[in-house]
Amino acid sequence: MKMMAMAGACALAATMASGTAVAAPGGGVAAIQQRLADPDGGIVVVAHRGCHNPAPRHGMMGNVPENSRAALERCVAIGADMMETDVRRSADGTLVILHDATVDRTTDGSGAVDRLTWAQLSGLHLRDDEGGEKAALTDERMLTLDQILALAKGRIMLNLDVKANIYVEVAAAVRRAGMEKQIVIKTEVGPETPAMAAQAPFDRLLYMPIPLNPDRKADLAAIVTAQLTDARPIGIELPRMDAAQLPPVAAIARARRVRLWINTLWDGFVVGYGGDEQALRDPDAVWGRLYREGITILQTDEPEALLRYRATLR
């Protein structure tokens with residue numbers, strides 16, 4: 001096998017001893033939980049698939065693989081509140097951390113995750129950053145759900161993006177780890193969906209509904225109202241949406257004291273508001289505008305920059 005490219009791992013090693021987990025700054029996960037639970041607690045920073053991009057202000061100049069141990073450790077080191085990560089099930093029933101249905105983009109292997117055993121998956125090397133055939137291989141390996149829960153416990157919140165109908169199994173793993181208040185889990189909901197925060201297994205976890213918005217024409221305010229009826233989700237994740245759909249949802253969220261979450265990935269999820277690329281040039285015009293209009297949980301591929309912007313608001 002060709003020599004592994006270790007630029008990202010070396011950058012991480014510059015900030016902590018090799019193989020040593022860093023402590024969560026700023027009071028650890030308890031402080032993050034308190035911030036998340038308080039609608040007036042300011043911006044909550046969520047790192048999309050972990051902190052895989054450079055964090056130069058923390059001496060981390062290279063990338064690391066998405067959804068990896070290194071991506072989680074970097075999130076903890078820079079002080080991100082939450083790492084978003086993806087859960088699938090292998091052929092032998094192991095819950096594993098990977099975004100795609102196949103391993104092709106992110107590893108040196110090929111094939112569908114649900115056709116490969118954990119023994120096969122665990123032997124693969126993760127590709128740097130967001131992967132692709134030109135991305136260098138690293139020494140990072142795929143994680144199981146149990147492994148990433150153990151790494152995160154007491155240090156950082158996790159958002160588990162469950163990629164198959166395995167919610168009961170995922171919830172059971174979270175309960176075994178004793179992390180019911182450290183994990184956020186979400187499902188899509190429509191106009192006829194019951195209030196899911198009151199339904200098992202979500203009633204024992206931190207849960208967020210994601211309203212479906214086909215053709216950006218759904219009555220999002222009505223869907224959100226239904227999800228808040230006799231239920232108390234930790235927040236509402238907003239879908240891709242037109243700008244005109246935001247004010248009525250934000251009004252409901254303010255009145256019901258519940259947080260709103262949006263992605264600023266790529267070109268952003270609110271039409272005309274911009275995304276991460278624009279936010280790096282003018283954070284107040286993107287992240288600040290969303291925050292002022294009622295969205296207080298921001299998921300980004302640029303967590304270090306968002307954290308720096310948040311610090312200016314204090």
Do the side-chain N and O atoms of [X] and [Y] include a donor-acceptor pair separated by under 3.5 angstrom?
X      : Y      : result
Asp276 : Thr300 : yes
Thr264 : Tyr273 : no
Asp301 : His52  : yes
His58  : Glu304 : yes

Check whether any side-chain heavy atom of [X] lies under 4.5 Å from a side-chain heavy atom of [Y], and answer yes or no.
X      : Y      : answer
Met60  : Ile78  : yes
Ser90  : Thr117 : no
Leu206 : Met157 : yes
Thr225 : Ile252 : yes
Arg88  : Asp114 : no
Arg259 : Met208 : no
Pro39  : Thr296 : no
Val96  : Val87  : no

A quick test of your reading: do over 12 heavy atoms of other residues, nucleotides or ligands sit less than 6.0 Å from [atom1] of [X]?
X      : atom1 : value
Arg115 : CZ    : no
Gln34  : CD    : no
Gln33  : CD    : yes
Arg57  : CZ    : no

To check you understand the geometry: which heavy-atom pair defines the closest contact between [X] and [Y], and what is its length?
X      : Y      : value
Glu293 : Ala250 : O-CB, 3.4 Å
Val103 : Thr107 : O-OG1, 2.8 Å
Met142 : Leu126 : N-CG, 4.0 Å
Leu158 : Met82  : C-CG, 3.9 Å
Pro211 : Leu220 : CB-CD2, 3.8 Å

When you check the gap from the basic side-chain N to the acidic O, do [X] and [Y] get nearer than 4.0 Å?
X      : Y      : value
Asp267 : Arg240 : yes
Arg69  : Glu73  : no
Arg308 : Glu302 : no
Arg49  : Asp161 : no

Practice problem: Kindly assign one of parallel, tilted or perpendicular to the pair Trp287 and Tyr309, based on the angle between their ring planes and the thresholds 30° and 60°. | Solution: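 Aromatic pair Trp287/Tyr309 classed tilted.
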Quiz item: For the residue pair Trp266 and Phe269, does the interplanar ring angle fall in the parallel (under 30°), tilted (30 to 60°) or perpendicular (over 60°) class?
Solution: parallel
Grouping I, L, V, M, F, W and Y whenever their side-chain heavy atoms are under 4.5 Å apart, do [X] and [Y] come out in a common cluster?
X      : Y      : value
Met83  : Leu95  : yes
Met196 : Ile210 : no
Val270 : Val45  : yes

For the atom pair [atom1] ([X]) and [atom2] ([Y]), what is the distance rounded to the nearest 0.5 Å?
X      : Y      : atom1 : atom2 : answer
Asn53  : Glu66  : CG    : CD    : 10.5 Å
Leu238 : Asn213 : CG    : CG    : 9.5 Å
Leu205 : Ile234 : CG    : CD1   : 11.5 Å
Ile295 : Ile236 : CD1   : CD1   : 12.0 Å

Practice problem: Identify the residue among Arg257, Arg35, Arg254 that makes a salt bridge (charged side-chain N to carboxylate O under 4.0 Å, His left out) with Asp40. | Solution: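 Filter result, single survivor: Arg257.
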